[in-house]
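Working notes for the structure below.
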Amino acid sequence: MGLSASLAVHSLSAFKTLGLALCLFLGPVYTRFTNGTLLQEEEPWIMFRNYVFAPTTEELVFRSCLMTFLLKDYSPLTSVLLAPLYFGLAHVHHGYSVYRQSKKLVPVVVSVVFQFAYTTLFGWFAAYALVRTRSIVGPILAHMFCNYMGFPSFDFMNDRGAYVHLFMHICGLGLFAVLMQSF
């Protein structure tokens, strides 16, 4: 599922899905733009791993392959709800990094629960986009973008002008919610 579509289908999927991801991250993009951290410098191999290899392989496995498998036995809704749970479970290994740093159980549990929830939420969005557009290109590009942005920081709350940043976050979430209804 998701690879045999035409160039027009892939292009529309990319535009719609990446556009929705950008709306979702409108606040964080604004915050990073205003504080000068929108562009990041990292080692090339880390950038390739985080922003090309991992999103592409994860979307091919957890969206394209797993969704194809699930859709044979389950409805699209059930498949969209189930597949991201596997995606979330595949990310709980990050708790080991937290354990190595802190050697305390509470930060590990919080990290694992948070990582599972965050990746599962993204997985629902990506699985829904795949089912709606019938193309894997949009979910791959959205995953690349989301990996680049990371989890939104709320450090701006202590800054002067925090209300503008908060307003941009709320506008982004609202725009995402409205546009998802016509997706």
Side-chain angles (χ1 to χ4, degrees), residues 1-30 32 38 47-95 111-153 168-183:
M1 171 182 246
L3 292 175
S4 61
S6 70
L7 180 60
V9 169
H10 288 307
S11 299
L12 187 59
S13 169
F15 178 76
K16 290 170 87 174
T17 310
L18 193 53
L20 277 168
L22 185 57
C23 290
L24 188 59
F25 280 83
L26 183 63
V29 168
Y30 175 78
R32 285 176 60 174
L38 188 57
M47 289 176 62
F48 177 76
R49 179 196 67 194
N50 291 346
Y51 311 132
V52 178
F53 184 75
T56 302
T57 56
E58 289 177 357
E59 290 307 313
L60 288 173
V61 170
F62 290 102
R63 239 61 69 200
S64 192
C65 294
L66 186 57
M67 287 294 291
T68 299
F69 176 75
L70 290 171
L71 285 167
K72 288 179 182 176
D73 295 322
Y74 300 101
S75 70
L77 176 62
T78 302
S79 299
V80 164
L81 293 175
L82 281 178
L85 297 175
Y86 293 101
F87 181 65
L89 284 172
H91 285 81
V92 299
H93 71 278
H94 292 287
S111 172
V112 166
V113 168
F114 180 79
Q115 187 80 32
F116 176 78
Y118 185 67
T119 54
T120 300
L121 286 171
F122 172 79
W124 283 328
F125 166 61
Y128 182 74
L130 175 67
V131 168
R132 296 290 294 167
T133 66
R134 311 290 295 165
S135 170
I136 195 64
V137 174
I140 289 172
L141 292 175
H143 194 149
M144 289 174 173
F145 176 72
C146 290
N147 277 12
Y148 181 75
M149 291 303 297
F151 186 76
S153 169
M168 295 300 284
H169 279 73
I170 293 168
C171 284
L173 289 171
L175 195 55
F176 176 81
V178 167
L179 292 175
M180 274 296 283
Q181 293 177 15
S182 63
F183 189 62

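In this structure, the side chains of M144 and T56 come closer than 4.5 Å at one or more pairs of heavy atoms. Taking the side chain as every heavy atom from C-beta outward, L121 and W124 approach each other to under 4.5 Å. Counting only heavy atoms from C-beta outward, the side chains of F145 and V29 approach each other to under 4.5 Å. Taking 4.5 Å as the limit, every side-chain heavy atom of H10 sits out of range of all side-chain heavy atoms of T133. Y148 has its side chain out of reach of N50: every pair of non-hydrogen atoms, C-beta onward, lies at least 4.5 Å apart. Between F116 and L89 there is a side-chain heavy-atom pair separated by less than 4.5 Å.
With F25 as the aromatic partner, R32 does not meet the cation-pi criteria of under 6.0 angstrom to the ring centre and within 45 degrees of the ring axis.
Atom NE2 of H143 is separated from atom CZ of F62 by 10.0 Å, given to the nearest 0.5 angstrom. Note that the CG atom of L20 and the CZ atom of R132 stand 11.0 Å from one another [nearest 0.5 Å]. In this structure, the separation between CG on L173 and CZ on F176 is 8.5 Å, given to the nearest 0.5 Å. Here N147 contributes atom CG and F53 contributes atom CZ; the two are 13.0 Å apart, rounded to the nearest 0.5 Å. Interatomic distance, L77 CG to Y128 OH, rounded to the nearest 0.5 Å: 10.0 Å. With rounding to the nearest 0.5 angstrom, the OG atom of S135 is 8.0 Å from the CD1 atom of I140.
The only option from F151, F122, F125 that meets the side chain to side chain contact (heavy atoms under 4.5 Å, CB included) definition with C146 turns out to be F122. For the pairing with S79, the side chain to side chain contact (heavy atoms under 4.5 Å, CB included) check across L130, L71, T68, L66 returns one residue only, L71.
Side chain of S182 to backbone of L179: a donor-acceptor contact under 3.5 angstrom is found. Not a single donor-acceptor pair under 3.5 Å links the side chain of S64 to the backbone N or O of V61.
Closest approach of G138 and S13 over heavy atoms only: N-OG, 3.2 Å. Listed here is the closest heavy atom pair of P76 and V131: CB-CG1, 4.1 Å. Closest approach of R63 to I136, counting heavy atoms only: CB-CD1, 3.6 Å. Counting all heavy atoms, side chain and backbone alike, T119 lies closest to Q115 at OG1-O, 2.7 Å. Summarising the geometry of C23 relative to L175, their closest heavy-atom pair is SG-CD2, 3.5 Å, with the distance given to 0.1 Å.
In this structure A129 satisfies the side chain to side chain contact (heavy atoms under 4.5 Å, CB included) test together with T17, P139, F183, sequence neighbours excluded. Looking at residues two or more places apart in sequence or on another chain, you find a side chain to side chain donor-acceptor pair (under 3.5 Å) between S75 and T78.
Within a 6.0 Å sphere centred on OH of Y118, heavy atoms belonging to other residues, nucleotides or ligands number more than 12. The number of heavy-atom neighbours closer than 6.0 Å to OH of Y51, taken from other residues, nucleotides and ligands shown, is above 12.
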(message) The test is side chain to side chain contact (heavy atoms under 4.5 Å, CB included); show your working for V80 and M67 and say whether it passes.
(response) CA-CA 7 Å; V80 164; M67 287 294 291; 3.9 Å; yes

(request) Show your working on side chain to side chain contact (heavy atoms under 4.5 Å, CB included) between S6 and V9 and close with a plain yes or no. (result) CA-CA 5 Å; S6 70; V9 169; 3.4 Å; yes

